[in-house]
Chemist: 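Before we start, here is the structure in question, set down as structure tokens.
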Amino acid sequence: MDIKLSTGAVATLMKGGEVEKPVFQILGFKKIAGQGGSDRFRLNISDGLHSHTFAMLATQLNHMIPEGELDNNCVIRAEKLISNAVSEKRVLIILDLTVLAKGTAIGCKLGNPVQYTEQNANGAGGKPAGQDSAQNRAPQPETKPTVKSEFPTKATGSFYGQSKSTSVSKSPTKNGSSFGNMSSGDCITIPIRDITPYGSKTAIKARVTNKSAVRTWSNSRGDGKLFSVDLLDDSGEIRLTGFNTAVDQFYDLIKVNEVYTFSKFSAKPANKQFTSLSHDYEISFVNDSSVIPCLDSDSADIPTLSFQFLEIAFIETCENNKIIDVVAVCKSRGDLQTVMARATNKELKKRDITLVDRTNTEIIMTLWGKQAEDFEDDTNPVIAVKGAKVSDFSGKSLSMLNSSSMMINPDIPEAHVLRGWYDNEGMNVPTKSLVGQRGGGGANAPWKMIREASIVDPSSAESGYYFRSKATVLAIKRENALYKACPEERCNKKVMDCNNGMWRCEKCNKEHTDFKWRLILHACFGDSSDSIWGTCFQEQGELVLDNKAEVLGSLYQDEQDAFDAIIKQAVFKSYTAKFRAKMEVYNNENRLKYSVVELNPLNYGEYAQKLLAEIKENVA
DNA sequence: CCCCCCCC
């Protein structure tokens, strides 16, 4: 077989030029381990003249390596290639390829390729592509130093060798500056992965990837202050918390992105509810803890980033309040808003941004405070978020926490792939939204017969599904229609009777001298096709019963007959109603729950017009 | 030993 490599293609591509379906020899590959089980392969490609290690294999092609289709020395034609500039470097992503010859058939390195550098590029390539091309709209790391390990600036000869052992490593003998009670000399460090509450917890060498602010607490068990950092090595990550004196001792000294040897700590099970870190345990400082900075030269083997990315489409199935990592393109950026925190009466700044990924699904993420104010990027950056909270407000959404961290255009393979996908394809593809109709609560909710609406596809009911119907009230449940609520203006929480004339609100954590009546009216709505039970909150309930909750409450309490008469009168009135159907789990069973989100007395004239229009449409 | 993280 006549194999001809695309001589000069590496240099051309490295300068930002384009090469049509270049032919390369694969001189080696390296697995970049497991971010959320999504291993990636980095290839050393050669055009016979130059070789280059900044080529990533698209994940959908990963299988070719274990299956032996791609082997050392094989020759491939890159059918589809994305080239991205990443700060001063350039990364190629091979999206599709054809194997022209197996490595076993070739058996040796073709030509005498040298590692490509700008210096030896010797004019082999073409002119760089135009500055406005999609390829050049590449991630520019905002925090450069944090993202160096995935793509070392120097590709060394040893890079493609076997992977190093991670089980035991020596901590550096550091000249001077340790914090804490460290005695001099080396100590044995263990991989983060191996930390348990049971083993001897000598020391770990780890990079600080996130550092919290100092926070104080005060509760029934006492008060104090604390901070925490996220630590990472090549075996895993773990949260380290410092309480009280440890705050004074270590807080200012520990810097994000730096590598330290941490020795002496205690470990306990991690509460998964409050972290996206994968470790089963978390650690805290003890009395004789020490923190020793590592020299830069000693830190290169400690990775800088770790994510367990979840695809956006998958967030739909996440339970509420789960803490997750996500990488996505910021499709649009909302305005800065100011809202009042109900609990604290503090003013909050927020900004919603819309994220989209290769599942063609989008989700809204809320940024808070300074991060919301500072977010001004309108260039559809790729965003990697660690530790965002899943909220089920109106479908599914994400919210940043104080403990979350966000990187804009990070230099990681997932981000490059997303960049290429969005610029070439994603920006023009319609997306599914995980937002249940927001704000207007289904402003364009479709008209449905009730029968039709009640057999709605369960997957869309998962996040809340809106529809409109003409509906007649067929029955009303008189029991539990009213409850005593917290009198605070914005709080509607049910209060507890303290039996001393006071009413306790758990939400406000206060006792009040009075309460207000609130309505949760369960009514059966029907049309000619079927009927459903739906919940009418305050305003809708007041409309159905044609009385204010306040009046209804006192009647319910003191004049039952009058209350029943009101209910009787409310039956058989007709409305146009907007319902929200949502799948909920009740007694381990899925059931559709309906609430009435909008209610208007039926305007017969208007409704007849609507029916006439529909008839015309169907006859034509 | 915290674990609050806000709003519609």
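In what follows, every heavy atom counts, from backbone to side chain, and hydrogens, waters and symmetry copies are set aside. Note on naming: letters A, B, ... go to the chains in the order of the sequence lines (proteins, then strands), and numbering restarts at 1 for each one. Since we're looking at a predicted model, the values are computed, not measured.
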Chemist: Charged N to carboxylate O below 4.0 Å: is that the case for A:Asp325 and A:Lys386?
Modeler: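 A salt bridge is present here (some side-chain N lies under 4.0 Å from a carboxylate O).
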
Chemist: Take atom CD1 of A:Ile323 and atom C1' of B:dC3, then tell me their distance rounded to the nearest Å.
Modeler: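 Going from A:Ile323 (CD1) to B:dC3 (C1'), I get 9 Å.
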
Chemist: Among the nucleotides B:dC2, B:dC4, B:dC3, which one has an atom lying closest to any side-chain atom of A:Phe243?
Modeler: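 Minimum distance to the A:Phe243 side chain belongs to B:dC2.
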
Chemist: Output the rounded distance in Å from CG (A:Leu401) to P (B:dC2).
Modeler: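 After rounding, the gap between these two atoms is 18 Å.
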
Chemist: Whether the side chain of A:Glu282 and the base of B:dC3 hold a donor-acceptor pair under 3.5 Å is what I'd like checked.
Modeler: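 Check passes, donor-acceptor contact within cut-off.
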
Chemist: Measuring from atom CG of A:Asn320 to atom CG of A:Asp392, what distance do you get when rounded to the nearest 0.5 angstrom?
Modeler: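 These two atoms lie 3.5 Å from each other.
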
Chemist: Reckon A:Asn271 has a side-chain N or O less than 4.0 Å from the OP1 or OP2 of B:dC2?
Modeler: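 No, no such contact exists.
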
Chemist: Within this structure, what is the CG-to-C1' distance between A:Leu336 and B:dC6, rounded to whole angstrom?
Modeler: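 The answer, rounded to whole Å, is 15 Å.
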
Chemist: Can you measure A:Phe274 atom CZ to B:dC4 atom C1' for me and round it to whole angstrom units?
Modeler: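 For the pair A:Phe274 CZ and B:dC4 C1', the rounded distance is 9 Å.
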
Chemist: For A:Met400, which contact category applies under a 4.0 Å heavy-atom criterion: base, sugar-phosphate, or nothing?
Modeler: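 Nothing, no heavy atom under 4.0 Å.
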
Chemist: Once you apply a heavy-atom cut-off of 4.0 Å, does A:Asn219 come out as touching a base, just sugar-phosphate, or nothing?
Modeler: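 Contact class for A:Asn219: sugar-phosphate only.
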
Chemist: Are A:Lys510 and A:Glu488 close enough for a salt bridge, meaning some N to O gap below 4.0 Å?
Modeler: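 Looking at A:Glu488 together with A:Lys510, the answer is yes, because their closest N to O distance falls below 4.0 Å.
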
Chemist: Could you state the atom-to-atom distance from CD1 of A:Ile364 to P of B:dC7 in whole Å?
Modeler: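 Those two atoms, CD1 and P, are 17 Å apart.
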
Chemist: When you check the phosphate oxygens OP1 and OP2 of B:dC5, does a side-chain N or O of A:Lys346 lie under 4.0 Å from one of them?
Modeler: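 Answer no for this pair, as no side-chain N or O of A:Lys346 is under 4.0 Å from OP1 or OP2.
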
Chemist: For residues 355-367 of chain A, which residue pairs qualify under salt bridge (Lys or Arg N to Asp or Glu O under 4.0 Å), counting only residues two or more places apart or in two chains?
Modeler: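 Non-adjacent pairs meeting salt bridge (Lys or Arg N to Asp or Glu O under 4.0 Å): A:Lys331-A:Glu362.
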
Chemist: Just to verify, what does A:Trp517 make a ring pair (Phe, Tyr, Trp, His ring centres under 6.0 Å) with, not counting sequence neighbours?
Modeler: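 If we apply the ring pair (Phe, Tyr, Trp, His ring centres under 6.0 Å) test to A:Trp517, skipping adjacent residues, the hits are A:Phe515.
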
Chemist: Which of these nucleotides, B:dC7, B:dC3, B:dC6, is closest to any side-chain atom of A:Leu348?
Modeler: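 Minimum distance to the A:Leu348 side chain belongs to B:dC6.
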
Chemist: Rounded to the nearest 0.5 Å, how far does CD1 of A:Ile192 lie from CD1 of A:Ile204?
Modeler: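 So the gap between those two atoms works out to 4.5 Å.
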
Chemist: Please report, rounded to the nearest Å, how far the C1' atom of B:dC2 is from the CZ atom of A:Arg215.
Modeler: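 Rounded to the whole Å, the gap is 5 Å.
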
Chemist: For DNA chain B, determine which residues of residues 224-232 of chain A have any heavy atom closer than 4.0 angstrom to one of its atoms, and list them numerically.
Modeler: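 Those residues are A:Leu226.
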
Chemist: Calculate the interatomic distance between A:Gln337 atom CD and B:dC8 atom P; express it in whole Å.
Modeler: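 Between P of B:dC8 and CD of A:Gln337: 11 Å.
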
Chemist: Between A:Lys225 and A:Asp248, is the closest basic N to carboxylate O distance under 4.0 Å?
Modeler: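 Yes, A:Asp248 and A:Lys225 are salt-bridged.
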
Chemist: Is A:Ser399 close enough to B:dC6 that one of its side-chain N or O atoms is under 4.0 Å from OP1 or OP2 there?
Modeler: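 Yes, within the criterion.
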
Chemist: Rounded to the nearest Å, what distance is computed from the CG atom of residue A:Asn320 to the P atom of nucleotide B:dC6?
Modeler: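 Going from CG in A:Asn320 over to P in B:dC6 covers 10 Å.
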
Chemist: For the pair A:Lys396 and A:Glu316, find out whether any cationic side-chain nitrogen is under 4.0 Å from an anionic carboxylate oxygen.
Modeler: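 A salt bridge is absent here (no side-chain N lies under 4.0 Å from a carboxylate O).
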
Chemist: Whether A:Arg351 contacts B:dC7 is assessed here as follows: a side-chain N or O lying under 4.0 Å from the phosphate OP1 or OP2. Is that the case?
Modeler: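 The answer is no; no side-chain N or O of A:Arg351 sits under 4.0 Å from OP1 or OP2.
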
Chemist: Would you tell me if any nitrogen or oxygen in the side chain of A:Arg221 comes within less than 4.0 Å of OP1 or OP2 on B:dC2?
Modeler: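 Indeed, a polar side-chain atom of A:Arg221 lies that close.
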
